[in-house]
Number of protein chains: 2
Amino acid sequence: MSYDPSAFPPFAVTVDLVVLTVRRHALCALAVRRGEPPFQGRWALPGGFVRADEDLAQAAARELAEETGLRVHDPAVPVQDNGAHLEQLATYGDPKRDPRMRVVSVAHLALAPDLPAPRAGGDASNARWASVEELLQQGGYGRDGEAVAPLAFDHAQILSDGVERARSKIEYSSLATAFCPPEFTVGELRRVYEAVWGVALDPRNFHRKVTGTPGFLVPTGGTTTRQGGRPAQLFRAGGATLLNPPMLRPEV
Amino acid sequence: MSYDPSAFPPFAVTVDLVVLTVRRHALCALAVRRGEPPFQGRWALPGGFVRADEDLAQAAARELAEETGLRVHDPAVPVQDNGAHLEQLATYGDPKRDPRMRVVSVAHLALAPDLPAPRAGGDASNARWASVEELLQQGGYGRDGEAVAPLAFDHAQILSDGVERARSKIEYSSLATAFCPPEFTVGELRRVYEAVWGVALDPRNFHRKVTGTPGFLVPTGGTTTRQGGRPAQLFRAGGATLLNPPMLRPEV
DNA sequence: GATCATAGTCGTCTGCCTGACGATAAACAC
DNA sequence: GTGTTTATCGTCAGGCAGACGACTATGATC
């Protein structure tokens with residue numbers, strides 16, 4: 001580490017997290033309230049500095065665990081337990097994105113099943129799940145009529161990019177199961193697609209598609225009526241990670 | 001900029017470039033020979049430090065211009081002139097990826113038409129277009145029987161990720177035209193797909209597909225026989241950026 | 001307990017797209 | 001002219017998606 005530090009400008013490197021889940025038929029993201037300037041009191045994406053001896057993915061996994069208690073699971077293993085999916089999203093490095101200093105943020109995208117209330121260092125009032133729609137309507141009014149300030153820094157852009165990544169990725173991969181509990185029904189999976197895409201899907205065609213794609217879903221043998229109506233078969237995520245042909249997002 | 005520098009570990013931030021082109025029916029990448037340790041004499045991807053007042057995309061465009069003379073064009077404008085396509089690829093930040101110090105590299109992917117010989121600060125012997133296949137067969141032997149050392153740092157991984165991005169992106173976008181000169185024939189575009197994917201495509205079905213996708217190709221009215229055989233119609237890239245339905249990469 | 005509402009599951013039909021491949025056209029080399 | 005090369009048009013069969021009808025099995029309501 002003996003190197004001339006004047007040979008390059010020093011940067012701070014952070015990881016920011018877009019943590020998405022589906023709650024009450026809506027796509028939601030984890031937001032934390034900033035306790036200090038800049039943007040004090042505003043909502044922001046969770047994140048923090050990368051430590052000196054830490055890989056970027058490790059830093060993101062550590063932040064995710066600190067904020068939600070979620071463990072990340074091995075990407076080589078199919079989505080099964082309550083672990084979350086975590087992947088790198090993009091890196092944001094505008095010289096003025098943080099007024100204090102030059103910060104480069106490596107944003108990550110996490111997809112998680114519906115969780116108990118979030119915790120932000122033990123202080124629940126400073127962390128919440130908010131619908132993506134609400135977080136992105138900058139300067140508008142939230143679901144309960146409360147005025148909503150735009151997200152801090154460039155986090156609206158990051159969140160928007162993360163949502164778009166999730167929307168496109170569930171088309172051609174089995175990632176939508178990362179939003180589901182370990183066992184789920186076809187209808188629950190369909191409601192995930194409907195929440196993420198914001199559209200209604202035909203239950204019959206959806207059922208044909210997902211049960212007809214080899215390796216996507218594995219029946220567990222059980223059934224459930226937790227959604228009401230006729231009992232539905234329970235499934236686990238199968239080994240397939242890529243859907244070919246993909247699920248098609250309806251036009252417009 | 002007055003902030004306690006001990007509050008976070010300092011990083012060096014670089015941009016590395018995966019510059020791809022198609023030459024003689026092969027997918028090629030730009031490589032530069034390292035003039036100093038570590039990995040002195042080995043081939044590497046072009047890149048350099050991000051300056052203190054520079055955005056990441058600006059830094060990548062500057063490096064690309066320095067290495068190839070290529071200008072980048074506005075992503076909002078369809079691919080038309082000799083400008084290259086440039087997009088962020090991913091960020092690599094393993095603590096040990098550079099033995100000198102903690103370096104986080106924001107890799108970018110550039111796609112360019114076939115170019116005159118590269119220049120690396122005026123020294124042509126230290127920059128070359130090499131086939132991707134050759135660069136990635138670590139420790140093997142190149143096309144002319146010369147022993148090939150693996151790329152420096154984690155650049156083999158970066159190149160591999162960039163190639164995979166290009167391969168998948170030409171499926172559902174019109175990006176393959178970024179490999180072509182401003183005017184090109186359907187056959188030339190097909191040879192781009194064949195080189196990038198490493199497969200043979202049926203000329204008749206390919207012709208039907210690309211000419212039948214609205215907004216993909218715009219006929220210029222001219223024809224050319226530069227490929228031999230019957231004269232072919234010349235096209236420009238149309239305004240469409242997304243192909244729906246996509247070009248399908250043949251199985252296996 | 002009959003009826004209703006809800007959700008799940010199986011089928012059918014039609015149109016579009018793709019892959020395989022035949023046929024023709026227009027240049028150049030000899 | 002003959003052969004070679006490349007471009008372009010056409011045909012046909014199979015697969016898949018969208019639209020939608022029909023039936024099933026639960027709980028809720030009267």
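Throughout, a chain's letter reflects where its sequence line sits, starting with A, and its residues are numbered from 1.
Per the geometry, CG belonging to A/Leu201 stands 13 Å off C1' belonging to D/dA17, to the nearest Å. Protein atom CD of B/Gln227 is 13 Å distant from nucleotide atom C1' of C/dA27, rounded to whole Å. Atom CZ of A/Arg204 and atom P of D/dC23 are 14 Å apart (whole Å).
Ion pairing between B/Lys209 and B/Glu171 fails under the 4.0 Å rule for side-chain N and carboxylate O.
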Nucleic acid footprint by protein, nucleotides 12-18 of chain C - heavy-atom cut-off 4.0 Å, B for base, S for sugar-phosphate alone: B-----B
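For residues 206-241 of chain B, every residue pair satisfying the ring pair (Phe, Tyr, Trp, His ring centres under 6.0 Å) rule, not counting sequence neighbours, is listed here: B/Tyr193-B/Phe206.
Take A/Ala195 and apply the side-chain contact (heavy atoms from CB on, under 4.5 Å) test, not counting sequence neighbours, and it matches A/Val22. Listed by chain and number, the residues in a salt bridge (charged side-chain N to carboxylate O under 4.0 Å, His left out) with A/Arg204 are A/Asp202 (sequence neighbours excluded).
In this model, the phosphate group of C/dT6 is not approached by any side-chain N or O of A/Arg226 to a distance below 4.0 Å at OP1 or OP2. In this structure, A/Arg249 does not reach the D/dG18 phosphate: none of its side-chain N or O atoms is under 4.0 Å from OP1 or OP2. Regarding contacts with the backbone of C/dG8, every side-chain N or O of A/His207 stays at 4.0 angstrom or more from both OP1 and OP2.
One axis for each end of the helix from C/dG1-D/dC30 to C/dC30-D/dG1, each built from five base pairs, and the angle between them comes to 10° at 10° resolution.
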Anything under 3.5 Å between a protein N or O and an N or O of nucleotides 26-30 of chain D, put it in a table, one pair a line.
none

